[in-house]
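Read the structure below first, then the notes.
Start at 1 with the first residue, then count along the sequence.
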Amino acid sequence: LLEKKELIMFAVLGVACFLMKILGFYTSIFLLLFFSYLYVEGTWSEPAVMSSLLYSAVCTILLYLGFNVLLGMITPTGLFL
């Protein structure tokens with residue numbers, strides 16, 4: 001039914017939902033994207049980490065622009081943002 005990789009990703013998603021209350025929406029989404037990207041790539045090499053940082057940052061900025069700037073929605077706040 002579900003493979004090990006999929007179960008691990010569901011667990012990471014659950015941790016990210018829990019962290020939203022502590023760290024904030026955007027920080028949690030950034031960390032979720034960062035670690036998910038590296039897990040799917042299967043490597044922690046420097047190019048993979050740099051690609052993951054860039055991808056996570058761009059997606060988080062787009063989420064911020066979409067939710068806060070365009071829609072004016074209030075997202076969960078936390079320790080960082």
Query raised in the report: Could you state the interatomic distance from SG (Cys59) to CG (Leu33), rounded to the nearest 0.5 Å?
Result: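 So the gap between those two atoms works out to 5.5 Å.
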Report task. May I ask whether Leu62 and Leu70 are part of the same hydrophobic cluster, defined by side-chain heavy atoms of I, L, V, M, F, W, Y residues being less than 4.5 angstrom apart, directly or through others? Result ->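 No, it is not one cluster - the side chains of Leu62 and Leu70 are not joined through contacts under 4.5 Å.
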Query raised in the report: If two hydrophobic side chains count as joined below 4.5 Å and joins carry through other members, does Ile61 share a cluster with Ile29?
Result: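 Same cluster.
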Query - Listed partners of Phe67 passing ring pair (Phe, Tyr, Trp, His ring centres under 6.0 Å), at least two apart - result: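 Checked Phe67 against ring pair (Phe, Tyr, Trp, His ring centres under 6.0 Å); matches are Phe25.
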Report task. For the pair Asn68 and Tyr26, evaluate side chain to side chain contact (heavy atoms under 4.5 Å, CB included) and give the outcome as yes or no after the intermediate values. Result -> CA-CA 11 Å; Asn68 279 30; Tyr26 298 108; 2.8 Å; yes
Compile the donor-acceptor pairs under 3.5 Å between side chains in residues 43-57 and protein atoms, sequence neighbours left out, one pair per line.
residue: Thr43; atom: OG1; partner: Ser45; partner atom: N; Å: 3.2
residue: Ser51; atom: OG; partner: Pro47; partner atom: O; Å: 2.9
residue: Ser52; atom: OG; partner: Phe34; partner atom: O; Å: 2.9
residue: Ser56; atom: OG; partner: Phe34; partner atom: N; Å: 3.1
residue: Ser56; atom: OG; partner: Ser52; partner atom: O; Å: 2.7

Requested in this report: Heavy atoms only: give me the nearest Ser36-Met9 pair and the separation to one decimal.
Outcome: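 Scanning both residues completely, I find the closest heavy atoms to be OG-CE, 3.1 Å.
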Requested in this report: Please indicate whether Leu71 has more than 12 foreign heavy atoms, meaning atoms of other residues, nucleotides or ligands, lying under 6.0 Å from its CG.
Outcome: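 More than 12 within 6.0 Å, yes.
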Query raised in the report: Can you tell if the side chain of Tyr64 reaches within under 4.5 Å of the side chain of Thr60, non-hydrogen atoms only?
Result: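 The answer is no, as the side chains (C-beta and beyond) never meet within the 4.5 Å cut-off.
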Query raised in the report: Can you find a heavy atom in the side chain of Met20 that is under 4.5 Å from one in the side chain of Thr27?
Result: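 The answer is no, as the side chains (C-beta and beyond) never meet within the 4.5 Å cut-off.
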Report task. Run through the side-chain heavy atoms of Ile, Leu, Val, Met, Phe, Trp and Tyr, join any pair under 4.5 Å, and report what else lands in Leu2's cluster. Result ->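 Taking Ile, Leu, Val, Met, Phe, Trp and Tyr as members, Leu2 shares its hydrophobic cluster with Leu7, Phe10.
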**Report entry** Worked verdict on Leu32 versus Val15 for side chain to side chain contact (heavy atoms under 4.5 Å, CB included)
**Finding:** CA-CA 9 Å; Leu32 171 69; Val15 169; over 6 Å; no
